[in-house]
Protein chains: 2
Amino acid sequence: MLQLHRLNNPSNVIDMNQCSACLIRNRAICADLDASELDALNKIGHQQQIERGRSLMWEGEDAHLVANVIDGVMKLTSSLEDGREQIVGLVYPSDFIGRPYGTTSAQTVTAITDTKLCVFPRSAFDDFAKSHPRLEHKLLDKTLSELDRARQWMLLLGRKSASEKIASFLLEMSERLAEKGCTDIPARSSFELPFGRQQVADILGLTIETVSRQFTRLKKQGLIDLPDRRTVVILDREALAVEA
Amino acid sequence: MLQLHRLNNPSNVIDMNQCSACLIRNRAICADLDASELDALNKIGHQQQIERGRSLMWEGEDAHLVANVIDGVMKLTSSLEDGREQIVGLVYPSDFIGRPYGTTSAQTVTAITDTKLCVFPRSAFDDFAKSHPRLEHKLLDKTLSELDRARQWMLLLGRKSASEKIASFLLEMSERLAEKGCTDIPARSSFELPFGRQQVADILGLTIETVSRQFTRLKKQGLIDLPDRRTVVILDREALAVEA
DNA sequence: CGCATTCATTGATTTGGGTCAAAAAAACGG
DNA sequence: CCGTTTTTTTGACCCAAATCAATGAATGCG
């Protein structure tokens, strides 16, 4: 069933256009490359659109590609045989996807919103990376940051209560979405979640019902407002931080 | 209070002796270095003993060093203000510790057993790494593996029940401790945990009582035996795998 | 060796969050 | 615009694991 979502539709494939105009160029792994290097990298990759809900790679399967997110949000998920799912990572513009120097993907990578990517065949990318230390350096730096973030999330998953999880989540989202420019809303106190309630539950290791109840509780207590189901307005950041 | 554990006791500092005799040399980040490179790395680091319970760096504090574990087991922990603690990583011989190109440590690093380390001042290590792509490459590879492992652990923390957590833990330990040669016991079905019950609880996001109850349950059901409080014998790996 | 301390087990009780079920509200499609 | 589908909210109930409280076993030390 998941197989149906495979992306081998050539109509989605677009020639890689000028990196120099790329909005996330200075934050992505290609940031430290010079013009000629960028050109070489250009030749091995291409831009690709991927629509909301579609997956780019699957847990346990061969991953023959790596990618950079240009625009949109993706999720990394691990799941159990019975369908329980945990979102183990979120991928924002300028973030890197995939496992260089590995064969199988440890997680499923799925678009949460329509997403624009720079895609590279893994083997070609591996070769390029091995011979371009500055790129590997950037990749290492990003990976180390991701690892720290993942470990911070482990504390939340293992030790925080539902209300603490929700509060931490809202605060992190308000920062992340602001910093990454995923929305046009200037005020970081108001932001649009790219996730539905079930996805929030899958991020926090909760059920959808618990997420919903916590949201309405915070709303009733006046710490947040929820104008529509995707928008969150933080009314009392202080109080929220105390809960986190 | 934690400050008392700081390692500035010069008696613990030993000159780095010959890497060529190092037991973990071929698995650690120094694996791909040639003799002269190894010699240069040698000059910036030194070996150090650290005893069980002592910490090498603290969450949120400046980390002016990075290290390689030669022998022993260490833990990475994150904690909340009220003392709740989560073990977010385990560090075995040949594993790397610390955050190159970063300033503050995101976790506390503490010895679980008496540990032997190769310690490097961070700034000197950073410089060395930047000019030695093969070392950075190795470091990247290790970091990517750690990230995959951390994310797999997030699934356990967020979605597994206590009995599933315990079963997964025992199976992983039997593999990890065998593969890393942390014990002399040849049979991977019998191994000695380097952790007490509280630490197992901190790894799994449970309480010590729940861990204890699950252990005794598995013993009563004949899936494992517990000859003494640190030793685990897996009697029915199949059944344990079904629980995991 | 015996006392003290730490660590682990076991039992009784509580509770946070899960499950099950239904209603309400949005979003979608013709 | 209306019926269908999906998503979210709300309520009633339950249970796994936490908490609280002892007891029992190891370990360490004078």
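Just so it is clear: chains get the letters A, B, ... in the order the sequence lines come, proteins before strands, and each one is counted from 1.
A 6.0 Å sphere centred on CG of A:Leu80 holds more than 12 heavy atoms belonging to other residues, nucleotides or ligands. The local environment of CG in B:Leu23 is sparse, with at most 12 non-hydrogen atoms from other residues, nucleotides or ligands closer than 6.0 Å. Taking a 6.0 Å sphere around CZ of B:Arg217, one finds it holds more than 12 heavy atoms contributed by other residues, nucleotides or ligands.
The two residues A:Leu157 and A:Gly205 make their nearest non-hydrogen contact at CD2-N, 4.0 Å.
Per the geometry, CG belonging to A:Asp82 stands 10 Å off P belonging to C:dT19, to the nearest Å. Rounded to whole angstrom, the span from the CD atom of B:Gln199 across to the P atom of C:dT6 amounts to 16 Å.
Note on A:Glu59 versus B:Arg151: no salt bridge recorded, every NZ/NE/NH1/NH2 to OD/OE distance being 4.0 Å or above.
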Contact state string [nucleotides 5-18 of chain D, B base, S sugar-phosphate only, - no protein heavy atom under 4.0 Å]: --BSBBBB----SS

